[in-house]
Protein chains: 2
Amino acid sequence: MMQDLAEAVDGDGRRRGGNRRAQILDVALKLFAQKGMAQVTTRQIAQEVGISQPSLYAHFRSADEIAAELCVRAFGALAEAMGRVAGGDASPIERLRRMGRAYVDFALDQPDMYRVAFMLEDPRGCTPHGIETEEGLVDPVLAAGLQCFACMHRVVVEQVGSDDDRAMILAQSTWAHVHGLVSLLIARHEFPWADREALIEEHLGRMSF
Amino acid sequence: MMQDLAEAVDGDGRRRGGNRRAQILDVALKLFAQKGMAQVTTRQIAQEVGISQPSLYAHFRSADEIAAELCVRAFGALAEAMGRVAGGDASPIERLRRMGRAYVDFALDQPDMYRVAFMLEDPRGCTPHGIETEEGLVDPVLAAGLQCFACMHRVVVEQVGSDDDRAMILAQSTWAHVHGLVSLLIARHEFPWADREALIEEHLGRMSF
DNA sequence: GTGATAGGCTATCAATGATAGGTTGACGGG
DNA sequence: CCCGTCAACCTATCATTGATAGCCTATCAC
């Protein structure tokens, strides 16, 4: 069932090449989004993929590593979403607000992906892809997060320069500002929020240098 | 072992009255803070309390209910911390900043308590204290959260009035602003943050009406 | 062919949250 | 004083979960 992802599949349903890993991640993300992270088991993932549960461990060292890899993916997707609106002729503050809007839209459109990226208990310690985090070798999860943050930082630097720590502080504060809203909207959707669109607009409008 | 919490204990170590529940919560919070929420098991809690693991279920319907109850507690403690600095003769914005500072201090001093309150996957569905959430009966977790939020809302109302939705939107935006910083500092402590104190000061300084 | 390797399977573990059913001891009415 | 009640606890036991061990099979380089 739904094995037809336009990828090479032989008679038994076995895939060639290394895309099983990607398929597992796709399935895991789908299940996370459907049932919530805590309710998804390795057996469910394996069944949906069409393999046995222990076979997952040929591709990932642990269940947490799947989440960590999804975390890297999510950071990448978010960075890309922001990157798409980061350029242009508008003023830095205007572009920063557009990035904030892209950020909010991304998070609310794919709340579980955002959750994996930003609200996980501890995505480290489960370094994806077998990369041993040695000295000098950066944790891929952290690296992806940094790349994502750098999008915002660059625009702030355009405005205030990068001489002292001010740009860094402003960028981090801005990031926190936007993250705060979407993380609360996602984690506390039962809260009696004001009109969502008005709230978002007001919140983004309060961004400044 | 550390049974001496200045409460009535009979010869067998059995407690009289209903404070077992409170003791379990104390122990659970301590263990959460020590080892992180995901690493604490019901057996560890029970052992630390000095009872068998199934005995926990005489006081809580599930493990999640323990977390939910701690969530209520955390909201209460946070509301109290903010309430302590909410009064006085200073301007509303000044008092709002003081509340923000109290909020930040609370969250960073007790990150696991804050985590339980604001970053749990889904604290609902495990309504504490056996209260069935019927129509018209509010979920205790939500009620505690609302009480906590009301602290901020009141101060905002002092400034802008409560005629239209603006006070609500501003209060929620402000809450999100502060929450964003502490939740990121807690969840991403491996991130290369700028100087923490400078960052917090800048962030709080950017609060406004 | 033949050996290596990737990918998979069944069987099985230890640990975890949760339940079933029985036991103990305090307490109050008759 | 006795007996029912009730809260709190225990042991034994489940089903489920993440993870490991050991074996099988197809593909491919040589």
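Chain letters run A, B, ... following the sequence lines, proteins first, then strands; residues in each count from 1.
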Legend entry - Nearest-angstrom distance from the residue atom OH of A/Tyr57 to P of C/dC13: 17 Å
Legend entry - Between P of C/dG8 and CD of A/Gln23, the distance in whole Å: 9 Å
Inset, instruction - Compare the minimum distances between each of D/dT17, C/dA11, D/dC9 and the side chain of A/Pro54, then state the nucleotide with the smallest one. - result: C/dA11
Inset, instruction - Output yes when A/Lys30 and A/Asp112 qualify as a salt bridge under the 4.0 Å nitrogen-oxygen rule, no when they do not. - result: no
Legend entry - Under-3.5 Å donor-acceptor pair between B/Arg43 side chain and C/dG17 base: yes
Inset, instruction - May I have the distance from B/Gln39 (atom CD) to C/dA15 (atom C1'), rounded to whole angstrom? - result: 13 Å
Inset, instruction - Answer yes or no: does a side-chain N or O of B/His59 lie under 4.0 Å from OP1 or OP2 of D/dC9? - result: yes
Legend entry - Separation of D/dC10 C1' from B/Leu56 CG (nearest whole Å): 13 Å
Inset, instruction - Would you mind checking if B/Asp26 and B/Arg73 are paired as a salt bridge, meaning a charged N to carboxylate O distance below 4.0 Å? - result: yes
Inset, instruction - Mind calculating the distance between CD (A/Glu65) and C1' (D/dA19) to the nearest angstrom? - result: 13 Å
Inset, instruction - Would you list the pairs meeting ring pair (Phe, Tyr, Trp, His ring centres under 6.0 Å) in which at least one residue belongs to residues 28-77 of chain B, sequence neighbours left out? - result: B/Phe75-B/Phe118
Legend entry - B/Ser52 side chain, from C-beta outward: closest of C/dG17, C/dC9, D/dT11: D/dT11
Inset, instruction - For residues 74-88 of chain B, pull every pair meeting salt bridge (charged side-chain N to carboxylate O under 4.0 Å, His left out), keeping only residues two or more places apart or in separate chains. - result: B/Glu80-B/Arg84
Inset, instruction - Side chain of A/Ser55 only, please: which of C/dC9, C/dA18, D/dG18 is the nearest? - result: C/dC9
Inset, instruction - Measure the distance from CD1 on A/Ile45 to C1' on D/dT17 and round it to the nearest whole Å. - result: 12 Å
Inset, instruction - Write down the distance between CZ (A/Arg20) and C1' (C/dG7), rounded to a whole number of angstrom. - result: 9 Å
Inset, instruction - Give the nucleotide from the list C/dA18, C/dG8, D/dT20 with an atom nearest to the side chain of B/Ser62. - result: C/dA18
Inset, instruction - Identify whether the distance between the nearest side-chain nitrogen and carboxylate oxygen of A/Glu197 and A/Arg101 falls below 4.0 Å. - result: yes
Inset, instruction - Looking at every strand, decide which applies to A/Ala63 at a 4.0 Å heavy-atom threshold: base, sugar-phosphate, or nothing. - result: sugar-phosphate
Inset, instruction - Take atom CD1 of B/Ile51 and atom P of C/dG17, then tell me their distance rounded to the nearest Å. - result: 14 Å
